[in-house]
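Note sheet for the following structure.
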Amino acid sequence: MLEQALVQLLLLLGATVLVVLVFQRFRIPPSLGYLLVGVMLGAHTAGPVIDNDYIDVIAEFGIVFLLFTIGLSFSLPQIYALRHTILGLGTAQVALTTLVVAMIAWWLGLPGPAAFVVGAVFAQSSTSIISKQLLEQGESQARHGRLGTTMSVFQDITAVPFVVIIPVLGVAAMHEVAGALGMALAKAFLAFVIVLLSGRYLLRPLFHLVAERRSAELFTLTVLFVSLVSAWTTKTLGLSMAFGAFLAGMVLGDTEFRHQVESTIRPFRDVLLGLFFVSIGMLVEPALLPDIWLEALLGALGLLGIKVVLVTLIVRFSGVDPQTAFRTGLVLAVGGEFGFALLAIGLDGNIIASRPAQIVLNSVLFSMILAPLLIRFNQPLALWAFGRSRGRAKPSGDVPTPSEPTESQGHVVICGFGRTGQTVSRFLESEGFDYLALDMDPAIVREARLAGQQVFYGDSSDLTVLENVGVERAALLVISHDDRPAALTTLRNAKRLNPELAAVVRTRDQQHVEELRKAGATEVIPETLEASMLLTSHALQSLGVPLYRVALRLQEQRSSHYRMLRELFRGTLDSIKPEALEQERLHSVLMSEGSPAIGQSLSELDTERDDVSVTALVRDDKRERYPGGATEVQINDVLVLLGSQDNLERVERRLTGSGQPPE
């Protein structure tokens with residue numbers, strides 16, 4: 001039994017990796033790849049068959065985590081802020097599409113509950129296809145792109161009431177439907193109150209307590225526990241598990257932990273959501289396709305046509321010009337992945353029969369194949385329909401971006417909100433620049449947020465966290481902590497998201513400046529060297545040196561990467577540190593009688609081949625800085641060498657003919 005399960009798991013994973021890899025290679029949405037895997041390994045096609053009993057159970061958690069993530073993106077304050085624009089447009093689009101499609105399906109002979117399910121399925125749009133296609137076309141920030149993407153994300157919220165309503169449609173009598181629906185709504189309100197109160201009085205203190213432990217493992221376990229216990233709560237009340245997960249996500253979305261929580265849950269969500277699409281693919285019956293392909297194709301064309309017309313009218317009615325309204329309709333016409341989830345709920349409740357479900361399923365699939373063409377050619381189609389002189393798209397700022405409705409463009413991301421990060425933020429604030437900070441100390445985060453600052457708990461080296469705080473839209477990245485490995489990872493991930501992003505990085509000394517620059521840092525500030533520069537500046541000015549000469553000296557050192565400041569003698573305590581072997585240091589070597597270097601010029605000594613330079617020569621108690629290469633070494637000269645400890649030892653043995661290491 002165990003061996004059979006292992007073979008099926010390996011078959012599933014192998015097929016999924018292969019198909020999704022090919023789909024990503026040709027820039028096809030991975031969700032279609034998961035669906036294809038389900039078709040290939042389902043019971044309705046020839047070849048190997050995967051037992052979908054376990055997959056169905058596990059796949060349901062994919063929807064749970066999906067709704068949990070959606071809740072994180074739409075906290076109560078954000079929904080309230082969007083009430084006048086996207087809430088009105090989004091609600092009208094979903095309600096009218098559901099109503100019109102349900103009426104048509106009912107007119108074609110489907111029972112009322114089944115017709116409602118079809119309308120709800122057709123009302124959804126694929127945010128992944130829309131956002132990906134618009135981004136590739138460079139239209140994600142155009143007015144129609146912002147409207148379409150934001151409305152598609154809002155549809156995910158409207159799916160929550162459908163998750164509550166659809167399961168109660170399976171009862172027979174109309175009065176029973178009304179009673180069951182009323183009870184479901186009452187339970188939904190009770191669940192909302194329970195999760196809201198527990199979130200305010202339990203979740204935030206719990207996450208503060210967990211964050212103080214600074215354990216990624218414990219944080220992950222807590223996120224999983226909270227999302228699943230919320231799902232279990234609504235399941236116990238007779239509602240969908242996904243609804244409880246959404247409520248928990250919405251509560252956490254208003255806390256400083258939202259970005260780190262989303263980063264933690266994403267791998268679980270993506271894998272389990274992929275299994276959900278595999279389970280949907282297993283429902284497809286290719287043998288029925290010859291009989292239903294015409295209805296499925298007409299259904300896809302109907303889906304696209306109805307949504308284009310309705311969205312265009314709704315957006316136009318809100319005051320948007322005709323061309324932009326039409327382009328928004330073309331963007332939103334595609335069917336959505338969440339429609340599959342609603343269809344699966346309808347099938348589980350025996351609300352819709354197998355044949356019409358197959359038609360609806362294939363209609364949505366056909367629309368997802370055709371819709372990218374509509375999005376790609378939305379501008380030529382709009383010009384053809386409305387002419388070139390009217391309704392040009394306007395780069396309006398009245399519609400917020402979908403993932404972060406309250407975030408601005410061109411902000412500064414500060415990684416680390418300790419003393420240095422807070423100082424930077426004060427100056428940014430005084431100059432009117434927007435910033436957003438990340439820190440892993442929950443005490444700092446809590447105090448800063450109470451003070452009204454945009455500070456979130458999160459690991460800035462995590463790619464997902466950087467995505468969540470909008471690094472791809474940021475004007476500057478400031479890494480103010482002194483964790484070098486984390487800084488390197490942060491730089492590499494930030495450059496993946498925004499190759500043109502300027503990055504200013506703090507480091508303790510000069511040792512790792514080049515490494516940080518290669519990782520993507522625009523400027524690297526060694527704090528110990530800058531402190532020395534500041535002290536030097538004050539000292540020189542106190543001695544009457546003109547300010548312009550002081551500034552010139554300091555700029556020379558910065559341009560030469562602090563050459564003079566790196567010339568340091570190391571003490572005994574410095575030498576026993578683990579990094580001492582790699583650090584550059586000054587070392588004085590006396591050229592006594594019998595030294596092989598006597599009589600040779602400095603250029604002939606060729607110390608540069610060992611990465612050692614001669615910074616000074618002392619002769620007859622007179623010190624010469626940076627002597628020329630033609631200078632000959634004489635008896636009792638002292639050469640001041642700069643290099644790492646190993647290299648200094650090697651050069652000293654060569655110059656003096658002894659094995660004595662530098663002290």
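Note that this is a predicted model, so its numbers are computed, not measured.
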> Yes or no on side chain to side chain contact (heavy atoms under 4.5 Å, CB included) for Leu648 and Val612, after CA distance, side-chain angles and deciding distance?
Replying inline: CA-CA 7 Å; Leu648 289 172; Val612 172; 4.0 Å; yes
>> Run the side chain to side chain contact (heavy atoms under 4.5 Å, CB included) test on Thr615 and Leu641 for me, step by step, so that the C-alpha distance in whole Å, both residues' side-chain angles and the decisive distance to 0.1 Å come before the verdict.
In response: CA-CA 6 Å; Thr615 64; Leu641 307 178; over 6 Å; no
>> Could you go through Arg258 and Asn468, starting from their C-alpha distance and side-chain angles, then the distance that decides it, and tell me whether this counts as side chain to side chain contact (heavy atoms under 4.5 Å, CB included)?
In response: CA-CA 9 Å; Arg258 54 176 297 195; Asn468 293 340; over 6 Å; no
>> If you apply the rule side-chain hydrogen bond (donor to acceptor under 3.5 Å, both in side chains), what do you find for Arg473 with His411, and how did you get there?
In response: CA-CA 7 Å; Arg473 303 187 303 275; His411 57 291; 5.5 Å; no
> Could you walk me through whether Phe207 and Val226 pass the side chain to side chain contact (heavy atoms under 4.5 Å, CB included) check?
Replying inline: CA-CA 10 Å; Phe207 274 92; Val226 167; 3.9 Å; yes
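Residues passing the side-chain hydrogen bond (donor to acceptor under 3.5 Å, both in side chains) test with Arg269: none are found, sequence neighbours excluded. Under the side-chain hydrogen bond (donor to acceptor under 3.5 Å, both in side chains) criterion, Arg650 pairs with Asp610, Asn647, not counting sequence neighbours. Partners of Asp482 according to the side-chain hydrogen bond (donor to acceptor under 3.5 Å, both in side chains) rule, which considers only residues two or more places apart in sequence or in another chain, are Arg508. Under the side-chain hydrogen bond (donor to acceptor under 3.5 Å, both in side chains) criterion, Ser537 pairs with Gln541, not counting sequence neighbours.
Phe257 CZ to Leu206 CG: the interatomic distance, rounded to the nearest 0.5 Å, is 9.0 Å. Rounding to the nearest 0.5 Å places CZ of Phe225 at 15.0 Å from OG1 of Thr220. In this structure, OG on Ser125 lies 4.5 Å from CG on Leu332, to the nearest 0.5 angstrom. Here the CD atom belonging to Glu515 is positioned 10.0 Å from the CG atom belonging to Leu491, to the nearest 0.5 angstrom. Interatomic distance, Leu36 CG to Thr16 OG1, rounded to the nearest 0.5 Å: 10.0 Å. The CG atom of Leu516 lies 7.5 Å from the CD1 atom of Ile479; values are rounded to the nearest 0.5 Å.
Residue Pro30 comes nearest to Val20 through the heavy atom pair CB-CG1, 4.2 Å, listed as atom of the first residue, atom of the second, then distance. Closest approach of Ala521 and Val505 over heavy atoms only: CB-CG2, 3.6 Å. Among all heavy-atom pairs drawn from Ala494 and Leu466, the shortest one is N-CD1, 3.8 Å. Residue Pro442 comes nearest to Glu212 through the heavy atom pair CG-CG, 3.4 Å, listed as atom of the first residue, atom of the second, then distance. Taking every heavy atom of both residues into account, Phe417 and Ser480 meet most closely at N-OG, 4.5 Å. Of all non-hydrogen atoms in Ser430 and Phe427, the two that sit nearest each other are OG-O, 2.7 Å.
Inter-residue side-chain proximity for Leu35 and Leu365 is flagged as met; some heavy-atom pair is nearer than 4.5 Å. Contact of the Asn378 side chain with the His144 side chain is registered, since non-hydrogen atoms from C-beta on lie closer than 4.5 Å. Put simply, the side chain of Leu476 does not reach to within 4.5 Å of the side chain of Val413, judged on heavy atoms. Proximity of Arg214 to Asp441: side-chain heavy atoms (C-beta onward) are separated by under 4.5 Å at one or more points. When side chains are defined from C-beta on, Ile414 does not count as touching Leu477, because their heavy atoms never get closer than 4.5 Å. Within the 4.5 Å cutoff, the side chain of Phe23 has no heavy atoms near those of the Leu18 side chain. For the pair Ser644/Arg585, no side-chain contact is recorded, criterion being any heavy-atom separation below 4.5 Å from C-beta on. Considering only heavy atoms from C-beta on, Val261 comes within 4.5 Å of Phe219 through its side chain.
Using a 4.0 Å cut-off between charged nitrogen and carboxylate oxygen, Glu256 and Arg204 count as a salt-bridge pair. A salt bridge does not link Glu431 to Arg426: none of the charged nitrogens lies less than 4.0 Å from a carboxylate oxygen.
The closest donor-acceptor contact from the side chain of Lys495 to the backbone of Leu501 lies under 3.5 Å. The backbone N or O of Val251 sits nowhere less than 3.5 Å from a side-chain atom of Thr255 that would complete a donor-acceptor pair. Formation of a donor-acceptor pair under 3.5 Å by the Gln124 side chain with backbone atoms of Gly335 is not found in this model. For Asp439 (side chain) and Val445 (main-chain N/O), no donor-acceptor pair under 3.5 Å exists by modelled atom type. Formation of a donor-acceptor pair under 3.5 Å by the Ser230 side chain with backbone atoms of Ala248 is not found in this model. Side-chain atoms of Thr328 do not come within 3.5 Å of backbone N or O of Gly148 as any donor-acceptor pair.
Stacking of Arg449 on the aromatic ring of Phe456 is recorded, both the 6.0 Å distance cut-off and the 45° axial limit being met.
The ring pair (Phe, Tyr, Trp, His ring centres under 6.0 Å) analysis of residues 480-509, with sequence neighbours excluded, yields no pairs. For residues 451-464, the pairs satisfying side chain to side chain donor-acceptor pair (under 3.5 Å) are Ser263-Asp462, Tyr435-Gln453, Asp459-Ser461, with sequence neighbours left out.
With a 6.0 Å radius and a threshold of 12 heavy atoms from other residues, nucleotides or ligands, Arg25 has its CZ atom at or below the threshold.
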